[in-house]
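Below is one structure, written out as structure tokens, with a few remarks after it.
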Amino acid sequence: MISVALQPVSIDEKPLLWKLLQEYLSAEAFEGSEKFKDEQGNWKYPYFDKYWEEATRFPFFILYENGVCGFALGRILKDDLHSVAEFYVFPEHWRKGIGSRAMQLVLGRFPDKKWRISYLHHNLRA
């Protein structure tokens, strides 16, 4: 089995996750999406800080061979319903089974819960 792990993102690692989230959102840009950028040209993500402020949100780095190769942002919607808000594996690691294994690990953190998994319909890779 491939060596994939999840690591909770600490407050000190928040800037790295912000940078990776910006790359992810840039890759997912669509026509008209420029209106979702702020004055500095960053993609707006109003819930970002809440991942360290609310116990119902959990940010993880996805690790492959001990290096960061992506991230997963999850949250609790209701007591028995969880959601993966964002999920990203760097393109150079696609088709290695990393995404599948990482998703199994995320879902395995709360095995007795129901999950809502959604994707952007214009993203054929998703």
Side-chain angles (χ1 to χ4, degrees):
M1 183 173 287
I2 58 174
S3 177
V4 176
L6 295 179
Q7 173 188 304
V9 180
S10 72
I11 192 78
D12 293 338
E13 297 167 315
K14 189 176 169 181
L16 175 58
L17 182 59
W18 178 252
K19 179 182 179 233
L20 299 178
L21 181 64
Q22 291 299 304
E23 291 175 15
Y24 161 74
L25 293 171
S26 290
E28 299 304 321
F30 54 91
E31 187 175 330
S33 64
E34 291 299 312
K35 66 183 176 185
F36 297 108
K37 288 191 170 188
D38 64 19
E39 301 79 38
Q40 292 80 34
N42 291 313
W43 294 98
K44 296 177 186 176
Y45 199 85
Y47 306 106
F48 186 73
D49 289 329
K50 294 180 187 296
Y51 281 91
W52 293 270
E53 297 167 355
E54 298 177 359
T56 57
R57 295 178 186 269
F58 39 94
F60 292 110
F61 284 131
I62 299 169
L63 305 178
Y64 173 64
E65 296 179 347
N66 298 319
V68 174
C69 72
F71 63 86
L73 302 179
R75 64 189 182 122
I76 301 169
L77 301 174
K78 296 188 253 180
D79 286 338
D80 65 338
L81 182 61
H82 289 52
S83 171
V84 175
E86 310 294 344
F87 187 88
Y88 182 60
V89 174
F90 302 164
E92 61 268 24
H93 294 295
W94 291 350
R95 300 201 176 280
K96 295 180 182 178
I98 295 169
S100 295
R101 181 65 186 132
M103 184 60 77
Q104 290 172 351
L105 293 171
V106 170
L107 300 179
R109 292 282 175 135
F110 306 94
D112 58 335
K113 304 298 181 187
K114 295 177 188 172
W115 284 86
R116 177 182 294 164
I117 309 295
S118 57
Y119 63 96
L120 298 172
H121 296 282
H122 69 273
N123 183 335
L124 298 179
R125 295 179 316 271

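- A donor-acceptor pair shorter than 3.5 Å can be found between the side chains of Glu86 and Tyr45.
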Ring pair (Phe, Tyr, Trp, His ring centres under 6.0 Å) evaluation trace for Tyr24 with Phe71: CA-CA 10 Å; Tyr24 161 74; Phe71 63 86; 5.6 Å; yes
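- Few gaps surround CZ on Phe110; more than 12 heavy atoms of other groups in view lie less than 6.0 Å from it.
- Remark: the backbone N or O of Ser3 is not paired with any side-chain donor or acceptor of Glu65 at under 3.5 angstrom.
- With sequence neighbours excluded, the residues satisfying side-chain contact (heavy atoms from CB on, under 4.5 Å) with Leu81 are Leu77, Lys78, Lys114, Arg116.
- The heavy-atom pair separating Leu105 from Ala5 by the smallest distance is CD1-CA, 3.9 Å.
- Partners of Arg75 under the side-chain hydrogen bond (donor to acceptor under 3.5 Å, both in side chains) rule, at least two apart in sequence or in another chain, do not exist in this structure.
- To the nearest 0.5 angstrom, Leu21 atom CG is 11.0 Å from Leu16 atom CG.
- Within the 4.5 Å cutoff, the side chain of Tyr88 has no heavy atoms near those of the Leu73 side chain.
- Pairing each heavy atom of Ala85 with each of Tyr51, the nearest pair is CB-OH, 3.4 Å.
- Residues Gly99 and Val89 come closest through the heavy atom pair CA-CG2, 3.8 Å.
- Residues Ile62 and Leu6 form a side-chain contact, since some pair of their non-hydrogen atoms from C-beta on lies under 4.5 Å apart.
- Note that OH of Tyr47 is 13.5 Å distant from CD of Glu53, once rounded to the nearest 0.5 Å.
- Ring-plane geometry between His82 and Trp115 is classed as tilted, the angle between the planes lying from 30 to 60 degrees on a 0 to 90 degree scale.
- With sequence neighbours excluded, the residues forming a side-chain contact (heavy atoms from CB on, under 4.5 Å) with Thr56 are Glu54, Ile76, listed by chain and number.
- Not counting sequence neighbours, Lys19 has no partner by the side-chain hydrogen bond (donor to acceptor under 3.5 Å, both in side chains) test.
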Check against side-chain contact (heavy atoms from CB on, under 4.5 Å), Leu63 and Val68: CA-CA 5 Å; Leu63 305 178; Val68 174; 3.7 Å; yes
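- Not counting sequence neighbours, the partners of His93 by the side-chain hydrogen bond (donor to acceptor under 3.5 Å, both in side chains) test are Lys96.
- Among residues at least two apart or in separate chains, salt bridge (Lys or Arg N to Asp or Glu O under 4.0 Å) pairs with a member in residues 3-15 are Lys14-Asp49.
- The nearest pair of heavy atoms linking Met103 to Val84 is SD-CG2, 4.0 Å.
- Proximity of a side-chain donor or acceptor of Trp52 to a complementary backbone N or O of Val9 within less than 3.5 Å is detected.
- Across all non-hydrogen atoms, the minimal contact from Tyr64 to Cys69 is CB-SG, 3.5 Å.
- In this structure, the side chains of Phe90 and Ile98 stay at 4.5 Å or more apart for every pair of heavy atoms.
- Taking each heavy atom of Ala102 and Phe87 in turn, the nearest pair found is CB-CZ, 3.9 Å.
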